[in-house]
Engineer: 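Let me begin by handing over the structure; questions about it come next.
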Amino acid sequence: MRHLPYFCRGEVVRGFGRGAKELGIPTANFPEQVVDNLPADLSSGIYYGWASVGSGDVHRMMVSIGWNPYYKNTKKSMETHIMHTFKEDFYGEILNVAIVGYLRPERNFDSLESLISAIHSDIEEAKKRLDLPEHLKLKEDSFFQVPKSKIMNGH
């Protein structure tokens, strides 16, 4: 994928309320403006990379970009699962994301259980790939040290 790594930043907004409550996998959602500014030829699917909230620590993350076929979304979304336990919600904070690799295309599931199982498998695969030296170095990218503006796509 010629766009990777891809860097973007934006305010965390309320999503569909499914991540933590229904799936047990909390996600941080970007506003429509960030999603709408993704490269037009960036495939929908599941990606992995690095994320930080505000000027906080950089953590592993996985992000779903697309329409979530299981839920039949009509609007494209970008839902980021940060592999870290936060003590509280961070709506309104700035989320910084570096997408470094592609895991798989979006697909539909026949049950909520199979969707949750696939997400857990994706998380494990993302963790393995982020341990590779070429991905690990991006955790230290200067993108995560710059002053935080409200919205930014690209690098």
Side-chain angles (χ1 to χ4, degrees), residues 1-54 56-136 138-139 144 151 153:
M1 303 225 150
R2 64 186 182 92
H3 294 291
L4 300 182
Y6 183 79
F7 299 83
C8 62
R9 161 179 299 136
E11 184 176 340
V12 177
V13 298
R14 292 198 180 273
F16 302 104
R18 300 185 291 237
K21 294 176 188 75
E22 191 170 324
L23 300 172
I25 303 160
T27 59
N29 296 273
F30 279 117
E32 287 182 22
Q33 182 182 1
V34 173
V35 180
D36 292 346
N37 284 313
L38 291 169
D41 57 348
L42 186 72
S43 300
S44 63
I46 311 303
Y47 293 82
Y48 60 93
W50 301 101
S52 67
V53 177
D57 293 339
V58 179
H59 302 285
R60 292 179 173 113
M61 69 84 185
M62 187 178 75
V63 61
S64 169
I65 299 173
W67 290 268
N68 302 318
Y70 180 79
Y71 290 105
K72 299 174 178 55
N73 290 4
T74 56
K75 183 81 179 135
K76 188 176 187 178
S77 67
M78 185 173 178
E79 300 174 69
T80 305
H81 171 66
I82 302 171
M83 297 175 208
H84 176 75
T85 302
F86 292 89
K87 289 181 174 50
E88 55 194 39
D89 289 338
F90 46 84
Y91 296 112
E93 295 290 331
I94 299 301
L95 177 63
N96 310 289
V97 168
I99 301 171
V100 301
Y102 183 76
L103 283 176
R104 64 171 177 84
E106 277 192 300
R107 65 177 189 257
N108 201 350
F109 295 90
D110 56 7
S111 69
L112 185 61
E113 293 75 23
S114 60
L115 170 60
I116 291 169
S117 177
I119 294 170
H120 283 290
S121 295
D122 293 338
I123 289 169
E124 291 311 309
E125 183 62 26
K127 285 178 182 177
K128 287 181 202 166
R129 294 189 189 187
L130 286 165
D131 283 339
L132 297 172
E134 64 267 26
H135 297 321
L136 207 50
L138 287 163
K139 182 180 181 182
F144 293 109
I151 298 287
N153 280 70

Engineer: Verify side chain to side chain contact (heavy atoms under 4.5 Å, CB included) between Thr27 and Thr80, making sure each step is shown before the conclusion.
Structural biologist: CA-CA 5 Å; Thr27 59; Thr80 305; 5.9 Å; no
Engineer: Please give me the minimum heavy-atom distance between Ser52 and Asp57, naming the atom from each residue.
Structural biologist: CB-O, 3.4 Å
Engineer: Taking atom CZ of Phe90 and atom CD of Glu11, what is their separation to the nearest 0.5 Å?
Structural biologist: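 Result: 12.5 Å between the selected atoms.
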Engineer: Just wondering, do Leu95 and Ile82 contact through their side chains at under 4.5 Å, heavy atoms?
Structural biologist: yes
Engineer: Tell me the closest heavy-atom pair linking Met61 and Ala98, and the distance in Å.
Structural biologist: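 For Met61 versus Ala98, the nearest heavy atoms are CE-O, 3.6 Å.
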Engineer: I want to check a possible cation-pi pair here: Arg60 against Tyr48, using under 6.0 Å from ring centre and within 45° of the ring axis as the test.
Structural biologist: no
Engineer: Any non-hydrogen side-chain atom of Phe30 less than 4.5 Å from a side-chain atom of Val63?
Structural biologist: no
Engineer: Would you say the side-chain atoms of Ser111 and Ser114 include a donor-acceptor pair closer than 3.5 Å?
Structural biologist: yes
Engineer: Side-chain contact test, heavy atoms from C-beta onward, threshold under 4.5 Å: evaluate it for Phe7 versus Leu138 and give yes or no.
Structural biologist: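 Heavy-atom side-chain distance check passes, below 4.5 Å.
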Engineer: If I compare all heavy atoms of Glu93 with all of Val53, which pair ends up nearest, and what's the gap?
Structural biologist: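 Residues Glu93 and Val53, closest heavy atoms: CB-CG1, 3.7 Å.
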Engineer: Taking the side chain as everything from C-beta on, heavy atoms only, tell me whether Val97 gets closer than 4.5 Å to Arg9.
Structural biologist: no
Engineer: Salt bridge between Lys128 and Glu124, side-chain N to carboxylate O under 4.0 Å?
Structural biologist: no
Engineer: Which heavy atom in Ile119 sits nearest to a heavy atom in Met62, and how many Å separate them?
Structural biologist: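 Smallest interatomic distance, heavy atoms only, reads CG2-CE, 3.9 Å.
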Engineer: Rounded to the nearest 0.5 Å, what's the gap from CG on Leu112 to CG on Leu23? Could you check?
Structural biologist: 6.0 Å
Engineer: Would you call Asp36 and Lys75 a salt bridge, taking side-chain N to carboxylate O under 4.0 Å as the test?
Structural biologist: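 Judged by the 4.0 Å cut-off on N to carboxylate O distance, Asp36 and Lys75 do form a salt bridge.
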Engineer: Determine, stepwise, if the pair Val13 / Tyr91 fulfils side chain to side chain contact (heavy atoms under 4.5 Å, CB included).
Structural biologist: CA-CA 6 Å; Val13 298; Tyr91 296 112; 5.9 Å; no
Engineer: Side chains of Pro5 and Ile99: closer than 4.5 Å at any heavy-atom pair?
Structural biologist: no
Engineer: Looking at side-chain heavy atoms only, is the closest gap between Arg129 and Tyr102 below 4.5 Å?
Structural biologist: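 No, side chains not in contact.
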Engineer: Looking at Glu125 and Leu103, what are the two nearest heavy atoms and their distance?
Structural biologist: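 Closest pair (atom of Glu125, atom of Leu103, distance): CG-CD2, 3.5 Å.
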Engineer: Does Val100 reach the side chain of Leu4, with side-chain heavy atoms less than 4.5 Å apart?
Structural biologist: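 The answer is no; the side chains never approach within 4.5 Å.
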Engineer: Stepwise, does the side chain to side chain contact (heavy atoms under 4.5 Å, CB included) test hold for Asn29 with Met78?
Structural biologist: CA-CA 6 Å; Asn29 296 273; Met78 185 173 178; over 6 Å; no
Engineer: To the closest 0.5 Å, what do you measure between OG (Ser44) and CD (Glu106)?
Structural biologist: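 Output value for this atom pair is 4.0 Å.
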Engineer: Is there a side chain to side chain contact (heavy atoms under 4.5 Å, CB included) between Trp67 and Thr74? Walk through the geometry before answering.
Structural biologist: CA-CA 7 Å; Trp67 290 268; Thr74 56; 6.0 Å; no
Engineer: Answer with yes or no whether the side chains of His81 and Asp122 bring together a donor and an acceptor at under 3.5 Å.
Structural biologist: no
Engineer: Which pair of non-hydrogen atoms, one from Leu136 and one from Leu130, has the smallest distance, and what is that distance?
Structural biologist: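 For Leu136 versus Leu130, the nearest heavy atoms are CD1-O, 3.5 Å.
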Engineer: When the ring centroid of Tyr70 is compared with that of Phe109, is the distance short of 6.0 Å?
Structural biologist: no
Engineer: Once you round to the nearest 0.5 Å, how far does CG of Leu115 lie from CG of Asn68?
Structural biologist: 8.5 Å
Engineer: If we only count heavy atoms from C-beta on, is the Asn96 to Trp50 side-chain gap below 4.5 Å?
Structural biologist: no
